[in-house]
2 protein chains.
Amino acid sequence: MTLTPYYKDGCSTIYHGEALTTIPNLEGLDAVITDPPYSSGGMFKNERSRPTVSKYVQSRTKAYRPEFAGDTRDQRGFLAWSTLWMTAAYHASVEKAHLLVFTDWRQLPTTTDAVQAAGWLWQGVNVWHKSTSRPRPNAFRSDAEFVVWATKGRMGKQDNKTATYSPGTLKASPPRERAHITQKPTEVLEWLMSLLPEDSLICDPFMGSGSTLLAAKNLGHRCIGVELSEEFCDHAVGWLKEPRGSGAH
Amino acid sequence: MTLTPYYKDGCSTIYHGEALTTIPNLEGLDAVITDPPYSSGGMFKNERSRPTVSKYVQSRTKAYRPEFAGDTRDQRGFLAWSTLWMTAAYHASVEKAHLLVFTDWRQLPTTTDAVQAAGWLWQGVNVWHKSTSRPRPNAFRSDAEFVVWATKGRMGKQDNKTATYSPGTLKASPPRERAHITQKPTEVLEWLMSLLPEDSLICDPFMGSGSTLLAAKNLGHRCIGVELSEEFCDHAVGWLKEPRGSGAH
DNA sequence: GCCGAGAATGAATCCATCC
DNA sequence: AGGATGGATTCATTCTCGG
């Protein structure tokens, strides 16, 4: 089966479609960096099944943000689904490829299970410390988002001359103006790409607004984005053509 | 069975013995805050009979840990053992008590499993960002230690007047002059105690050098420490009597 | 250009209320 | 009764704007 790109230029490709059916058509990936739907937002079914806008957004101005799909799975469903797409990503990747998956504290153990079930070698947990989070009385604030890091096989000997050293924890605030609820600061994505050699081929199977593609472009990598919602595909295309408000300065 | 304290003063009590057999004799705990051995260290005789020098020189957190993809019996053993002491701690605690357990990334999923298996309500994952870790070439540094947070039952209504707001992520380096290698910064322990009402009863079933007892004392709480190694017990007693180099300033 | 004051915001959570 | 909906709450940080 041949895929038809929704958009394509020198370094960016966007496919409009489902991750599970699209990833098996890809190959030669050096890294998979993505922020899948967490299916969090509550411990109970009725809370999870609320629309993402009402689950997650609560601001006075109520800026419009599109709904995103696939956020209603229960624990077992989330594990099974995660294992499926991660297995597909594994087969589409080259040896020693990197996998970097965002998750919140509730799904962290399930995500590490899925990563390993899919054949990846779990290497660690990175922390994105976002200082702008809502306070909770008599509780610890959940002001961290986690990134499960894994590789395809062992990394082997490294040349210390050209070696890269990256922190496992980064503090950064979400961008002021976001199209997607979960839109990441470019800084965070560039951090996660810091281990990659030049001109790597990256894939983000849950592209959203397209931050991963933009960060890859900034760093001189190629990137393939997959997104189910046409609204987000549109946004990403416009953003790639004219990255206004990209947060870069 | 009545326990005989190894040491006791107004706010601190130390029992020299095993956590599993000691905790069932305790009651009325408002919080359990501890850094258990991550591997099976302390569970088996060969670990316990190691020479004093290696116990003191080698950090407990750097102890041998099984390869992840390897034999899973150690993982299962760790889960079973963790569930046992956490269950005992649950029964020794009052309603709405807090549980705060240090763990590293490898044992984080097993720890959250054990916490929930023991009946505690998992509330989140705190991050201690310690900037003093060894860099690895071509890798993300593991510069974070995790703290699994849980409570005994739901927390219910909170009074907003007297409510406490605590961060979920803290950056702190170990004090330059440490009385003991395994010592955590007092700052970190005081952070974890920040949700507790005055004069709470805390328990650290894996006391080590006694940082938890010292932090509790600083904040006006009572604390019970349990420790298998007599050397550690001795050290803690000396430290409580004269807290030189405690990191407090 | 730098600094200080003021405003806006958050993958939240609890709880009352309605259907 | 039980599931779904909507309102109120809160502070650290960032952003904006004016002097």
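Quick note on labels: first sequence line is chain A, next is B, and so on, each numbered from 1.
As judged by a 4.0 angstrom heavy-atom cut-off over every strand, A:Asp143 is placed among residues making no nucleic acid contact. A:Pro36 comes within 4.0 angstrom of a base, heavy atoms only. Heavy atoms of A:Ser131 sit under 4.0 angstrom from primed sugar atoms or phosphate atoms, though from no base atom. Note on A:Phe68: a base of the nucleic acid sits closer than 4.0 angstrom, heavy atoms only. Among the atoms of the strands shown, none is found under 4.0 Å from any heavy atom of B:Pro167.
To the nearest angstrom, C1' of D:dT13 lies 15 Å from CG of A:Leu170. Between A:Asn138 atom CG and D:dC11 atom C1' the separation is 14 Å, expressed in whole Å. Between the P atom of D:dT13 and the NZ atom of B:Lys171 lies a distance of 13 Å, rounded to the nearest Å. Counting to the nearest Å, the P atom of C:dT13 and the CG atom of B:Leu121 are 12 Å from each other. Atoms OH (B:Tyr165) and P (C:dC14) sit 13 Å apart, rounded to a whole Å. Atom CZ in A:Arg106 sits roughly 9 Å away from atom C1' in C:dT13 (whole-Å rounding). With rounding to whole Å, A:Phe78 atom CZ is found 12 Å from C:dA11 atom C1'. One interatomic measurement links the two molecules: CD of A:Glu177 to P of C:dA7, which rounds to 20 Å at whole-angstrom precision.
Taking the 5.5 Å centre cut-off and the 30° plane limit, the aromatic side chain of A:Tyr38 is classed as stacked on C:dA11.
Looking at A:Ser194 and A:Ser166, their side chains do bring a donor and an acceptor atom within 3.5 Å of each other. Using a 3.5 Å distance cut-off with no hydrogens or angles, the side chains of A:Asp234 and A:Tyr6 do pair a donor with an acceptor.
Applying the 4.0 Å criterion to OP1 and OP2 of C:dA11, one finds that A:Lys130 has a side-chain N or O inside that range. For C:dG10, neither phosphate oxygen OP1 nor OP2 lies less than 4.0 angstrom from any side-chain nitrogen or oxygen of A:Arg136. Side-chain nitrogen and oxygen atoms of B:Arg154 include none within less than 4.0 Å of the OP1 or OP2 phosphate oxygen of C:dC15. For the pair A:Thr182 and C:dA11, the criterion of a side-chain N or O lying under 4.0 Å from OP1 or OP2 is not met.
Both the sub-6.0 Å distance and the 45° axial angle are satisfied by B:Lys184 relative to the ring of B:Phe102.
Mapping A:Thr132 and A:Arg50 onto DNA chain C by nearest heavy atom places A:Thr132 closer to the 5' end of the strand.
Closest of all the heavy-atom pairs between B:Arg141 and B:Ser131 is NH2-O, 2.9 Å. Closest approach of A:Asn138 to B:Ala163, counting heavy atoms only: OD1-CA, 3.5 Å.
With the 3.5 Å cutoff on both pairing distances, Watson-Crick and G-U pairs in DNA chain D assemble into runs of at least 3 at C:2-10 with D:11-19, C:12-19 with D:2-9.
Nearest nucleotide to the A:Arg176 side chain, out of D:dT10, C:dA8, D:dT5: C:dA8. Here the side chain of A:Arg134 is nearest to one of C:dT13, C:dG10, C:dT9, namely C:dG10. Looking at the side chain of A:Asp35, the nearest of the listed nucleotides C:dA11, D:dT10, D:dT5 is C:dA11.
A:Lys55 and A:Asp71 are joined by a salt bridge, as a carboxylate oxygen and a charged side-chain nitrogen come within less than 4.0 angstrom of each other. A salt bridge does not link A:Asp143 with A:Lys130: none of the charged nitrogens is closer than 4.0 Å to a carboxylate oxygen.
The only option from A:Arg65, A:His180, A:Gln183 that meets the side-chain hydrogen bond (donor to acceptor under 3.5 Å, both in side chains) definition with A:Ser209 turns out to be A:Gln183.
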